[in-house]
Amino acid sequence: MSQTPETALVLFSGGQDSATCLAWALERYGRVETVGFDYGQRHRVELACRAAFREGLAAAFPGWATRLGPDHLLDATVLKSLGQTAMTEEVEIEMQSNGLPSTFVPGRNLLFFTLAAPLALRRGASVLIGGMCETDYSGYPDCRAVTLKSQEKTLQLGLGSDILIEAPLMHIDKARTWALAESLGGEALVGLVTEHTHTCYLGDRARRHDWGYGCGNCPACELRASGWVRWQAAR
Ligand code: ZN
């Protein structure tokens with residue numbers, strides 16, 4: 001299959017950010033496929049949300065459904081064997097001596113893009129899209145624009161390709177991510193994001209808030225909830 005600028009591959013985890021990126025991509029590209037990664041994450045709920053969100057999206061937005069291609073799931077479980085983090089092991093969520101929270105999985109996004117790029121080439125996609133954000137993030141060094149720009153260059157050189165990386169949420173905060181979802185798909189999309197995406201570090205699906213499911217107390221829930229509150233206040 002030859003490369004075409006109209007096809008994009010979205011790194012789709014099942015969380016709020018990548019779900020919003022998927023809708024963003026469906027607005028812009030003639031064909032959009034998704035890829036997820038099994039990296040031995042403690043809470044499988046995010047992976048389970050992926051299919052439900054894609055199905056809900058296709059049902060609610062027929063125009064997008066015609067452009068939504070297949071989903072791919074790649075094995076990245078090697079990450080689990082590389083080190084203990086709060087995302088893969090029973091480790092407390094806390095700030096570490098290196099200034100990074102224990103939820104940081106070293107090398108995760110670098111590996112994800114490295115795995116996604118050859119898949120994109122095989123599928124004829126010329127753009128990789130990720131939900132990384134350096135605005136109100138947790139200080140993860142692999143979520144910075146400079147990191148993605150550097151990796152894009154490396155992938156282009158290493159693959160002999162003009163593949164691009166796009167990160168539409170890079171410079172917006174969580175309130176604007178909610179607003180972006182609303183501008184892309186109105187209440188229907190906001191409803192899908194709240195019901196069928198998952199962000200909570202503790203994997204809590206028992207508690208339902210206005211902004212979705214989660215414990216309400218972990219750093220991921222706090223970011224998602226505070227963004228929702230600020231977005232609601234600004235509407
Ligand atoms: Zn939580």
Side-chain angles (χ1 to χ4, degrees), residues 11-23 36-54 56-57 76-77 79-80 83-96 98-109 112 130-144 167 169-170 172-182 189-234:
L11 279 66
F12 178 49
S13 69
Q16 175 188 355
D17 292 344
S18 62
T20 306
C21 286
L22 176 53
F37 301 92
D38 180 353
Y39 62 97
Q41 48 270 67
R42 266 167 74 190
H43 306 295
R44 314 293 286 177
V45 56
E46 216 182 46
L47 283 181
C49 281
R50 301 175 70 254
F53 184 82
R54 280 177 47 102
L57 206 60
T77 47
L79 282 172
K80 191 173 160 65
Q84 284 214 324
T85 85
M87 302 302 278
T88 56
E89 310 288 338
E90 292 288 331
V91 171
E92 280 295 311
I93 297 175
E94 60 187 6
M95 197 55 76
Q96 304 172 130
N98 62 1
L100 289 167
S102 57
T103 47
F104 175 58
V105 181
R108 180 171 56 178
N109 287 340
F112 286 0
M132 297 78 198
C133 167
E134 66 174 28
T135 306
D136 52 5
Y137 71 150
S138 304
Y140 298 171
D142 58 354
C143 287
R144 296 175 298 175
L169 310 184
M170 182 56 72
I172 67 175
D173 64 11
K174 273 282 189 284
R176 287 176 62 195
T177 300
W178 284 112
L180 176 61
E182 186 183 40
L189 182 58
V190 172
L192 283 172
V193 171
T194 52
E195 187 62 29
H196 293 303
T197 72
H198 192 85
T199 309
C200 176
Y201 284 150
L202 303 184
D204 187 334
R205 287 297 281 182
R207 268 166 282 195
R208 177 68 155 90
H209 315 264
D210 290 344
W211 44 267
Y213 295 92
C215 72
N217 298 312
C218 76
C221 279
E222 283 181 359
L223 255 185
R224 181 166 165 150
S226 73
W228 174 276
V229 169
R230 280 181 285 120
W231 170 56
Q232 290 288 324

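This is a predicted model, so every value here is computed, not measured. Just so you know, ligand 1 is whichever comes first in the structure, and atom 1 is the first atom listed for that ligand.
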Report task. Show your working on side chain to side chain contact (heavy atoms under 4.5 Å, CB included) between Tyr213 and Val45 and close with a plain yes or no. Result -> CA-CA 11 Å; Tyr213 295 92; Val45 56; over 6 Å; no
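Residues satisfying the side chain to side chain donor-acceptor pair (under 3.5 Å) criterion with Thr177, sequence neighbours excluded, are absent altogether. With sequence neighbours excluded, the residues satisfying side chain to side chain contact (heavy atoms under 4.5 Å, CB included) with Ala225 are Trp211. Residues that satisfy the ring pair (Phe, Tyr, Trp, His ring centres under 6.0 Å) test with Phe112, not counting sequence neighbours, are Phe37, Tyr39.
With waters left out, the protein N, O or S atoms under 2.8 Å from the Zn ion (ligand 1) add up to 4.
Of the residues listed (Arg224, Arg50, Glu46), the one engaging Thr197 in a side chain to side chain donor-acceptor pair (under 3.5 Å) is Arg224, and it is the only one.
Here the shortest heavy-atom pairing between Cys221 and Cys200 reads SG-CB, 3.5 Å.
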